[in-house]
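Convention: sequence-line order gives letters A, B, ...; per-chain numbering from 1.
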Number of protein chains: 2
Amino acid sequence: MGITKTDKFTDEQNKLANIAKALGHPARIAILMHLFKIDSCICGDLVNEIGLAQPTISQHLKELKNLGIIKGNISGTSICYCIDQDEWTQITTLLNQFLSQKTEGAGNCC
Amino acid sequence: MGITKTDKFTDEQNKLANIAKALGHPARIAILMHLFKIDSCICGDLVNEIGLAQPTISQHLKELKNLGIIKGNISGTSICYCIDQDEWTQITTLLNQFLSQKTEGAGNCC
DNA sequence: TTTGTATATTGCAATATTACGATTAATTAT
DNA sequence: ATAATTAATCGTAATATTGCAATATACAAA
């Protein structure tokens, strides 16, 4: 059916899954890495940097923007995208809480 | 086209995306949470715990197993799944490295 | 105004994912 | 042996995702 039954899960579970899903494509990872690397805004070099067509990059940017992880300003003829540090902190904190879980190992039978 | 062009990206980018993708569904988040919570093995209570059909759960378990994040032993008539702590540590370390990046803010123009 | 440049949107084809009923396989209990 | 139980697999329908060509939009420069 292709549709996820979000009503079966808690808000936290859905939120974590949404974050992970947004990070679940190498192009979006590459975009974020590039943004961190240049520590500045994107002004069009992404299409050259990553070898995908312009509409494809634009679509991936949109998804990251929808999650709130990046923000963009119009700057003349080009758009200026950068990491929203506040959102990034919130999102990574949430993910880290989940990732830092450990099995105590007491009932570990495998 | 629905196919991801993995050859355009580095191994690290593809690996990170694969991990995130595996975590990108609330059912799989819920499965992992349950495994951590009971700190033991699953012996069939997952289908009741999560409200999805048995084949669906089985499919999600398979994906987590493929990533190496959980492992399963046959234990009589039921299967015993649990977190593979070593793999979990490796995977979360990799993700954390990525997540802990920060923008220095120097070129932050948005 | 026209031309050029940069990004977004639309429309579409190919593939992937999600979910589940039906079935199968493997084991345990009777 | 037969029945019951548990989990995996198969087959299939519905929806989502990925990618790009074509087009639209918005602005700048000439």
Side-chain angles (χ1 to χ4, degrees), chain A residues 1-9 13-14 17-31 34-35 41-67 70-82 109-110, chain B residues 1-9 13-14 17-31 34-35 41-67 70-82 109-110:
Chain A
M1 307 182 175
I3 192 167
T4 298
K5 300 199 163 177
T6 53
D7 55 307
K8 303 262 182 182
F9 307 101
Q13 287 163 347
N14 283 317
N18 274 336
I19 295 169
K21 200 173 169 187
L23 299 176
H25 193 288
R28 294 192 288 269
I29 295 283
I31 288 171
H34 188 63
L35 273 174
C41 296
I42 311 176
C43 299
D45 46 348
L46 267 181
V47 177
N48 303 321
E49 194 74 23
I50 302 171
L52 297 178
Q54 179 266 324
T56 309
I57 298 290
S58 191
Q59 205 172 300
H60 285 303
L61 284 169
K62 194 178 177 184
E63 276 183 67
L64 291 173
K65 205 175 172 185
N66 283 343
L67 190 68
I70 63 175
K71 52 185 175 177
N73 275 357
I74 298 172
S75 151
T77 173
S78 59
I79 298 271
C80 165
Y81 273 118
C82 63
C109 62
C110 302
Chain B
M1 306 181 173
I3 191 168
T4 297
K5 299 201 162 178
T6 53
D7 55 307
K8 302 261 183 182
F9 308 100
Q13 287 163 347
N14 283 317
N18 274 334
I19 295 168
K21 200 173 171 188
L23 299 176
H25 193 288
R28 294 193 288 270
I29 295 283
I31 287 171
H34 188 62
L35 274 174
C41 296
I42 312 174
C43 300
D45 47 348
L46 268 181
V47 177
N48 304 320
E49 195 72 24
I50 302 169
L52 298 177
Q54 178 265 322
T56 309
I57 298 290
S58 192
Q59 206 172 298
H60 285 304
L61 283 169
K62 194 177 176 184
E63 276 183 68
L64 292 173
K65 206 175 171 185
N66 283 343
L67 191 68
I70 63 175
K71 51 185 175 178
N73 275 356
I74 298 172
S75 150
T77 174
S78 58
I79 297 273
C80 166
Y81 272 117
C82 62
C109 62
C110 300

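- Atom-to-atom distance recorded for Leu52(A):CG and Gln59(A):CD is 10.5 Å, nearest 0.5 angstrom.
- In this structure, CG of Leu46(A) is placed 20 Å from P of dT5(C), rounded to the nearest angstrom.
- Applying the 4.0 Å criterion to OP1 and OP2 of dA19(C), one finds that Lys8(A) has every side-chain N and O outside that range.
- In this structure, CD1 of Ile70(B) is placed 13 Å from P of dA7(D), rounded to the nearest angstrom.
- Residues satisfying the side-chain contact (heavy atoms from CB on, under 4.5 Å) criterion with Ala30(B), sequence neighbours excluded, are Phe9(A), Gln13(A), Ile50(B).
- For Ile50(B) and dC20(C), the CD1 to C1' distance is 16 Å, given to the nearest whole Å.
- Summarising the geometry, the separation between CG on Asn18(B) and C1' on dT17(C) is reported as 14 Å, rounded to the nearest angstrom.
- We find the CG-NE2 distance between Asn14(A) and His25(B) to be 9.0 Å, quoted to the nearest 0.5 Å.
- The CZ-P distance, from Arg28(A) to dG19(D), rounds to 9 Å in whole Å.
- Qualifying salt bridge (Lys or Arg N to Asp or Glu O under 4.0 Å) partners for Glu63(B), counting only residues two or more places apart in sequence or in other chains: Arg28(B).
- When the side-chain nitrogen and oxygen atoms of Lys21(B) are compared with OP1 and OP2 of dT17(C), one or more of them lie within a distance under 4.0 Å.
- We find the OG1-CD distance between Thr56(B) and Gln54(B) to be 8.5 Å, quoted to the nearest 0.5 Å.
- Following rounding to the nearest Å, Phe9(A) (CZ) and dT18(C) (P) show an atom-to-atom distance of 11 Å.
- The distance from atom CG of Leu64(A) to atom CD1 of Ile70(A), rounded to the nearest 0.5 Å, is 4.5 Å.
- The stretch residues 52-62 of chain B touches DNA chain D through Gln54(B), Pro55(B), Ser58(B), Lys62(B), each having a heavy atom within less than 4.0 Å of the strand.
- In this structure, Glu63(B) places its CD atom 15 Å from C1' of dA8(D), rounding to the nearest Å.
- Across the interface with DNA chain D, nearest-nucleotide mapping of Thr4(B) and Ile3(A) shows Ile3(A) to be the residue nearer the 5′ end.
- If you measure from atom CG of Asn66(B) to atom P of dA16(C), you get 15 Å, rounded to the nearest angstrom.
- Minimum heavy-atom separation, Leu46(A) to His34(A): CD2-CD2, 3.8 Å.
- At the phosphate of dT6(D), neither OP1 nor OP2 sits under 4.0 Å from any side-chain N or O atom of Tyr81(B).
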